[in-house]
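Take a look at the structure below.
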Number of protein chains: 2
Amino acid sequence: MIFSTSEENYIKSIFHLQQFAELVNTNALATEMNTRAASVTDMLKKLKTKKLVQYEKYQGCKLTEVGKKVALAIVRKHRLWELFLVDKLRFDWDSVHPIAEELEHISSEELVNKLSDFLGNPSFDPHGDPIPDKNGKIPLLNQQCLSDIPIKKIVTISSVSNQSAQMLEMLKHYHIVLGTQIMILKKFEFDGSSEIKVIKKNVCIISEQVTKNLFVHDIQKKK
Amino acid sequence: MIFSTSEENYIKSIFHLQQFAELVNTNALATEMNTRAASVTDMLKKLKTKKLVQYEKYQGCKLTEVGKKVALAIVRKHRLWELFLVDKLRFDWDSVHPIAEELEHISSEELVNKLSDFLGNPSFDPHGDPIPDKNGKIPLLNQQCLSDIPIKKIVTISSVSNQSAQMLEMLKHYHIVLGTQIMILKKFEFDGSSEIKVIKKNVCIISEQVTKNLFVHDIQKKK
DNA sequence: AATTAAATTTAGATTTGTCTAAATTTAATT
DNA sequence: AATTAAATTTAGACAAATCTAAATTTAATT
Ligand SMILES: [Mn+2]
Ligand SMILES: [Mn+2]
Ligand SMILES: [Mn+2]
Ligand SMILES: [Mn+2]
């Protein structure tokens, strides 16, 4: 089965929003897709006839098992291309998303698998997000939110949940990338900000907004 | 300026057909594009308003200077991606065309240039076709058609003008790839076929159809 | 020069994906 | 429970790209 770029983007967005709620409602999808609620309704009807989503009028939608498989295949492509762009073509990690947004719709299955081989069948993308394998299986990673880590413990940055260009730009300024080791020196109760030491680099203060969006794991865990 | 995939494919086809005639007529384009003459007419009107082609009713069309630039940029992308697929992802040279047909429409300029750097700014694609540079300049290559080469002279295969899957499959069977050195042993007047020696490999007989579609240069000329 | 054939264009439809404005349903509030 | 607000869907329109069938223009042939 072949899907249009638009259908694929909807499926991916629904998949993404399902992390936060069992049922995805029309307005949320419209916001995520940067379109209007009416357009979403039209598309949901189509995706329903193609058995990619369950959908009842006014009740929101969720992906079927088939829909989930399709979503995982697109996410796989997206993240493999992102890694290719960063590791091989030397793009910055904060500039690859929009390009991968196009590349993820190239259809050849053989291409994805050969790309994966070429990259050494990696498990994580440049933002620390897991790359589903050929069968849609996502590698587990037991990471914790930086805001839950006690002080004086050295941890490694493993992923960033807010991947806006603004966030990534700020992290770059602090010399924080995936794999960077840091230690929390002090937490300020007043505003929830933390003073951290970037190992071998600077000391700085980051806001609670930032610690809530950074995920870490214990040191010495291979990517 | 941004163009749709369809517009880009038309531009590329017109560029291709202009090699054979000053003016490209509607039916030829329809055949090349695998569509109907009526659709071509519609598109030509649009491309004209965008100043990519010169076009007068019933008179055929040709690319403007801007149109040519656009065409060369697409050809550049197509050939760079083809080389990437063969050299890096280890695709066979006879299977990359349809995939490059999709990849050539990815818009990022930075992507193309970084891809070119990654590949070592190559001048020829896996089929021996020249890759236009950033400015649309095409490297010259003084090659000759194999059918014009005298016997007993060692030459190197440099490009293949008929790139159908069937042709490429047959060449693979004869162990002929770009860079392969061959020598014509004998030409048969009866049907124009030639007996050739593939250096360090086999002796075989190839038809005139094949020799007319193979281009060669003198040995020891770097790719 | 008149006729026929071939090439090309127009007219009118269709599909996909989108939009605005209006109608409907569901949820929240008095 | 009635009213208001918010969310969602429908109706109707539009742009892009395509198609078929009919009309028109150009080229080829008698
Ligand atoms: Mn996308
Ligand atoms: Mn990512
Ligand atoms: Mn193409
Ligand atoms: Mn090629």
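Being a predicted model, the structure only gives us computed values, none of them experimental. In what follows, chains carry the letters A, B, and so on, assigned in the order in which the sequence lines appear, proteins first and then strands, with residues in each chain numbered from 1. Note: hydrogens, waters and symmetry copies are ignored here, and every other heavy atom, side chains too, is used.
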Practice task
Between C:dT9, D:dT18, D:dC19, spot the one nearest the side chain of B:Y58, thanks.
Solution key: C:dT9
Fill in the blank from the handout: Scanning all shown strands, the Watson-Crick or wobble mate of C:dT18 with both distances under 3.5 Å is D:dA13
Exercise for the section: Find the distance B:N25:CG to D:dA27:P and express it as a whole number of Å. Expected result: 11 Å
Practice task
Please indicate whether B:K187 has more than 12 foreign heavy atoms, meaning atoms of other residues, nucleotides or ligands, lying under 6.0 Å from its NZ.
Solution key: yes
Handout entry: Listed nucleotide nearest any side-chain atom of B:A38, set D:dT20, D:dA7, C:dT8
Key = D:dT20
Practice task
Output the distance between atom OG (B:S108) and atom CD (A:E102), rounded to the nearest 0.5 Å.
Solution key: 8.0 Å
Handout entry: Donor-acceptor side-chain pairing of B:H173 and B:E169 below 3.5 angstrom
Key = no
Practice task
Nearest whole angstrom, please: distance from the P of D:dA15 to the NZ of B:K50.
Solution key: 14 Å
Problem - Distance test, side-chain N/O of A:Y55 to OP1/OP2 of D:dT8, below 4.0 Å - result: no
Handout entry: Short side-chain N/O contact from B:K57 to OP1 or OP2 of C:dT10, under 4.0 Å
Key = yes
Problem - Atom-to-atom span, CD of A:Q59 to P of D:dA6 - whole angstrom - result: 20 Å
Practice task
Determine which nucleotide pairs with C:dT10, using a 3.5 Å limit on both distances of a Watson-Crick or G-U wobble pair.
Solution key: D:dA21
Exercise for the section: Would you indicate what B:T26 reaches in the nucleic acid, counting non-hydrogen atoms under 4.0 angstrom: base, sugar-phosphate, or nothing? Expected result: sugar-phosphate
Problem - Separation of atom NZ in A:K48 from atom C1' in D:dT9, rounded to whole Å - result: 14 Å
Exercise for the section: Round to a whole Å and report the spacing from CG of A:L44 to P of D:dA7. Expected result: 17 Å
Practice task
If C:dT3 has a Watson-Crick or G-U wobble mate with both distances under 3.5 Å, name it; if not, just say none.
Solution key: D:dA28
Practice task
Report the distance from atom NZ of A:K45 to atom C1' of C:dT15, rounded to the nearest whole Å.
Solution key: 16 Å
Practice task
Determine: side-chain N/O of B:T41 to OP1/OP2 of C:dT8, distance under 4.0 Å, yes or no.
Solution key: no
Fill in the blank from the handout: Rounded to whole Å, CE of A:M43 lies from C1' of C:dT16 at a distance of 8 Å
Exercise for the section: Determine: side-chain N/O of B:N27 to OP1/OP2 of C:dT8, distance under 4.0 Å, yes or no. Expected result: yes
Exercise for the section: Please examine the side chains of A:V177 and A:L171, heavy atoms only from C-beta on, and report whether any two atoms are closer than 4.5 Å. Expected result: no
Practice task
Hey, which sits more toward the 5' end of DNA chain C by its nearest nucleotide, A:R36 or A:T5?
Solution key: A:T5
Problem - Sub-4.5 Å side-chain heavy-atom contact between A:T211 and A:I184 - result: no
Practice task
Using a heavy-atom cut-off of under 4.0 Å over every strand shown, decide if B:S6 touches base, sugar-phosphate, or nothing.
Solution key: sugar-phosphate
Problem - Donor-acceptor under 3.5 Å (B:R79 side chain, B:P130 main chain) - result: yes
Practice task
Indicate whether OP1 or OP2 belonging to C:dT16 is found under 4.0 Å from a side-chain N or O atom of A:S4.
Solution key: no
Exercise for the section: Could you tell me the separation between the CG atom of A:D42 and the C1' atom of C:dT16, rounded to a whole number of Å? Expected result: 10 Å
Handout entry: Shortest side-chain distance from A:T35, nucleotide among D:dT18, C:dT9, C:dT18
Key = C:dT18
